[in-house]
Every structure is written in structure tokens, then in C-alpha cells.
Amino acid sequence: MTWISHLVTRELGWVFREQPTVDVGIDAHLEVVDGATSKATGQLLAVQIKAGLSYFASPTKEGWWFVGDTAHIEYWLGHSLPVLVMLYNPETQKVYWQRVSRQTAISTGKGWKIHVPVAQELSAQSAAEIQPLARPSSELQGLRGLLAWDIEGENAWASWPEKAELYRHLLSARLHMLFSSVVGITEVRRESMPVDMTVWLTMGRNIDVALIHPSSRLDRLVARGKDALDPVVAVVCGAQNLSECPQLRGLTPDPPLFFAAWSPETGGDEDLRTAMEHAIRWLSGPDEVWC
């Protein structure tokens with residue numbers, strides 16, 4: 001961490017900010033600095049740093065394979081910032097980088113691998129290659145606006161398809177990170193099904209997930225929940241807590257229907273985690289143990 005911070009600030013001339021949050025897959029943020037004016041630009045990148053010779057144990061003719069699990073890859077792909085993986089060799093004190101994307105991440109069946117080229121050594125020359133990947137802070141403000149719901153507004157439903165697509169992507173990444181028993185997530189796009197995603201668990205069981213607006217109607221969802229063979233977790237997108245949802249007042253849904261408020265902007269996962277755990281427990285029964 002210290003050596004990469006040194007390279008970023010001295011060689012690239014950028015800002016390096018270590019992220020103290022424990023084990024969420026991002027170690028630092030980089031902010032691009034304009035070389036001509038020496039002013040911070042607000043263009044940002046997220047970085048995952050791996051140090052040690054073990055990360056150079058799978059060489060190729062042009063670099064190394066970095067191997068990761070599905071949970072981390074999905075989290076990085078769903079991150080609001082572009083993510084770089086950096087490998088540090090303690091013997092040579094050299095750092096090599098690669099962008100995490102659906103083009104660079106290759107499935108191995110059980111996980112993913114990313115090729116980190118030897119040609120992409122972190123140095124002053126890297127600035128020209130990395131800077132175009134950075135995302136302006138103005139885009140992040142736009143994302144925050146997209147994630148926010150106008151709960152009381154007359155046009156609250158107008159941008160639902162676009163917002164639902166973004167929430168689906170972010171929620172998929174988060175569920176992979178929170179639960180080791182998640183082995184896959186598929187979209188559901190059928191008018192007859194008031195759910196948006198199916199979360200596949202170990203041993204072949206699954207949970208349906210519905211993305212709902214804080215003021216959406218729940219009659220079809222409640223009706224499905226009563227007759228469902230698999231549990232349904234209804235995620236109220238953008239809500240800080242379920243008390244913000246007027247249509248839930250007085251509603252006491254019975255299993256296998258569970259509700260959770262979730263907003264990726266605040267990073268609060270407690271409600272989501274609780275609802276998923278209840279659904280898994282309902283699926284499991286007293287004789288099964290889930291990780």
C-alpha cells in the first residue's frame with residue numbers, strides 16, 4: 001500500500017486515498033490531477049491491491065493470471081467506479097495493473113481470472129493509459145440522482161425501467177458479496193412473474209427477488225408470495241428503511257414473502273441481509289445447514 005501510494009503521488013502526480021473499510025474489495029481510490037494546472041480533476045478510480053510472490057505464480061508469455069472468486073469479481077463489475085487490480089512484487093518493487101471489466105475477466109467455471117500484462121507496469125507513463133478509464137465525479141452525481149426516488153412525485157414511475165436495470169446490476173453484485181451460498185443470479189423478464197431476479201443457491205435451491213418502488217402496488221406480489229414454492233424477497237429500492245413505504249403500513253406478509261429496504265448509496269445491508277437470511281432459513285428447514 002505504501003509503495004503504490006508513493007508511485008501514484010510521485011510518478012503519476014495523482015492523489016492516492018487509502019480506503020479503511022474492511023474487506024469490501026476496494027483498497028484505495030485514485031484521483032487524477034491535471035499535469036498542467038496541478039489541480040485535482042474529480043476523475044476517480046477504485047483500486048484493489050494484492051502483494052506477494054504468490055500472485056505471480058501463474059505466469060504467461062506476456063504477464064500473469066490473477067485468479068479471483070465470483071463474489072469479488074461481481075462486486076468490482078458492479079462498482080460505481082472503474083476498478084483496477086494492481087499486483088505488487090516485493091522482490092522487484094514493481095507494480096503491474098489491469099482494469100477489471102467483462103472483457104478482461106474470464107470465467108474459469110468456479111471463479112474468474114484476469115490477465116495482468118507485464119507491459120502495464122505502474123510508472124509515470126501509465127498516466128496516459130489509465131486516465132481515460134477514470135470516471136468524472138459529475139457522473140457519480142448523476143448516478144446518485146438515478147438511484148434516488150421521488151417517492152411523493154407524480155412522475156415517480158417515469159424512469160422505473162432505467163432505474164430498475166441499475167438496481168438489478170448493483171443488487172446482484174452485492175448479494176454475491178454478502179452470501180457465499182449464492183452461486184448464480186439470473187434475470188426474470190416475464191409479465192406473468194412479478195419478480196425480477198432468481199438467486200441460485202448451493203444444493204440447487206433458489207430465492208426469487210422482486211425490485212419494487214417505495215410507492216408501488218404490491219397486490220400481485222403478495223398473491224404470488226402466498227402460493228410460492230420458493231421464497232420471495234421484495235427489495236424496496238432506494239428506501240433507507242421500510243417505514244418509508246406507505247403501502248407496507250398495516251401489512252403483515254407471511255413467509256415465504258420477505259421485505260427489505262436497500263439503498264446502495266448508503267451501503268446499509270442489514271435489512272437486505274436479514275430478509276435473505278430469513279428466506280434461506282425458510283428454504284433450509286430444521287435439518288439443513290447453509291453457509
Side-chain angles (χ1 to χ4, degrees), residues 1-60 62-69 71-105 112-144 173 177 265 267:
M1 186 77 70
T2 302
W3 184 249
I4 292 177
S5 174
H6 167 79
L7 289 178
V8 169
T9 56
R10 295 297 181 89
E11 298 293 325
L12 277 68
W14 295 355
V15 178
F16 181 96
R17 298 189 183 97
E18 183 176 351
Q19 300 299 298
T21 305
V22 177
D23 196 30
V24 295
I26 298 299
D27 295 311
H29 288 166
L30 309 185
E31 181 172 1
V32 177
V33 174
D34 189 313
T37 64
S38 298
K39 292 183 178 179
T41 63
Q43 296 176 340
L44 305 172
L45 296 130
V47 179
Q48 166 78 145
I49 296 170
K50 296 295 184 181
L53 296 180
S54 62
Y55 293 103
F56 297 86
S58 300
T60 69
E62 299 177 344
W64 303 269
W65 286 114
F66 169 69
V67 180
D69 57 43
H72 279 89
I73 290 289
E74 291 293 337
Y75 178 74
W76 294 333
L77 292 175
H79 204 280
S80 58
L81 291 175
V83 177
L84 303 180
V85 167
M86 292 188 177
L87 305 183
Y88 170 69
N89 187 320
E91 287 190 348
T92 63
Q93 289 194 318
K94 291 185 176 181
V95 180
Y96 304 90
W97 64 273
Q98 177 61 287
R99 182 184 183 181
V100 179
S101 70
R102 298 203 177 271
Q103 289 69 46
T104 60
W112 296 80
K113 62 180 183 179
I114 297 174
H115 190 252
V116 181
V118 66
Q120 291 184 184
E121 180 184 347
L122 190 64
S123 66
Q125 287 69 42
S126 303
E129 298 176 80
I130 298 177
Q131 182 171 356
L133 306 178
R135 173 167 287 166
S137 56
S138 58
E139 287 188 21
L140 297 182
Q141 293 297 331
L143 281 174
R144 293 189 182 98
M177 283 296 297
E265 187 177 4

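Bear in mind that the values here come from a model prediction, so they are computed numbers and not experimental data.
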Worksheet item: Which heavy atom in Ala40 sits nearest to a heavy atom in Glu31, and how many Å separate them?
Response: CB-OE2, 3.2 Å

Discussion item. Ile130 and side chain to side chain contact (heavy atoms under 4.5 Å, CB included): which single residue from Leu122, Val8, Val32 fits?
Written reply: Leu122

Practice prompt. Would you please classify the geometry between the Tyr75 ring and the His79 ring as parallel, tilted or perpendicular, with 30° and 60° separating the classes?
Written response: perpendicular

Discussion item. Side chain to side chain contact (heavy atoms under 4.5 Å, CB included) for Asn89 and Val95? Distances and angles first, verdict last.
Written reply: CA-CA 6 Å; Asn89 187 320; Val95 180; over 6 Å; no

Worksheet, complete the sentence: Residues Trp14 and Val33: closest non-hydrogen pair is CD1-N, 3.4 Å

Worksheet item: Which atom pair, heavy atoms only, marks the closest approach of Ala134 to Gln43?
Response: CB-CB, 3.7 Å

Discussion item. Consider side-chain hydrogen bond (donor to acceptor under 3.5 Å, both in side chains). Of Gln48, Gln19, Lys50, which one does Asp27 pass it with?
Written reply: Gln48

Discussion item. Is it true that His115 and Thr60 share a donor-acceptor pair across their side chains at a distance under 3.5 Å?
Written reply: yes

Worksheet entry | Nearest non-hydrogen partners of Leu81 and Leu45, listed with the distance | CD1-C, 4.2 Å

Discussion item. Taking the side chain as everything from C-beta on, heavy atoms only, tell me whether Ile26 gets closer than 4.5 Å to Val47.
Written reply: no

Response to the item:
Looking only at heavy atoms, the pair that brings Pro117 and Trp97 closest together is CD-O, 4.0 Å

Worksheet item: Of all heavy-atom pairs between Ala127 and Pro132, which one has the smallest distance, and what is that distance?
Response: O-CD, 4.4 Å

Practice prompt. Determine, step by step, whether Tyr55 and Trp64 satisfy the ring pair (Phe, Tyr, Trp, His ring centres under 6.0 Å) criterion, reporting the C-alpha distance in whole Å, the side-chain angles of both residues, the deciding distance to 0.1 Å, and the verdict.
Written response: CA-CA 8 Å; Tyr55 293 103; Trp64 303 269; over 10 Å; no

Discussion item. Does atom CD (Glu62) have a neighbourhood of more than 12 heavy atoms from anything else shown, all under 6.0 Å?
Written reply: no

Discussion item. Donor-acceptor check, side chain of Thr41 to backbone of Asp34, threshold 3.5 angstrom: yes or no?
Written reply: no

Worksheet item: Does Thr9 use its side chain to pair, donor to acceptor, with the backbone of Phe16 at less than 3.5 Å?
Response: no

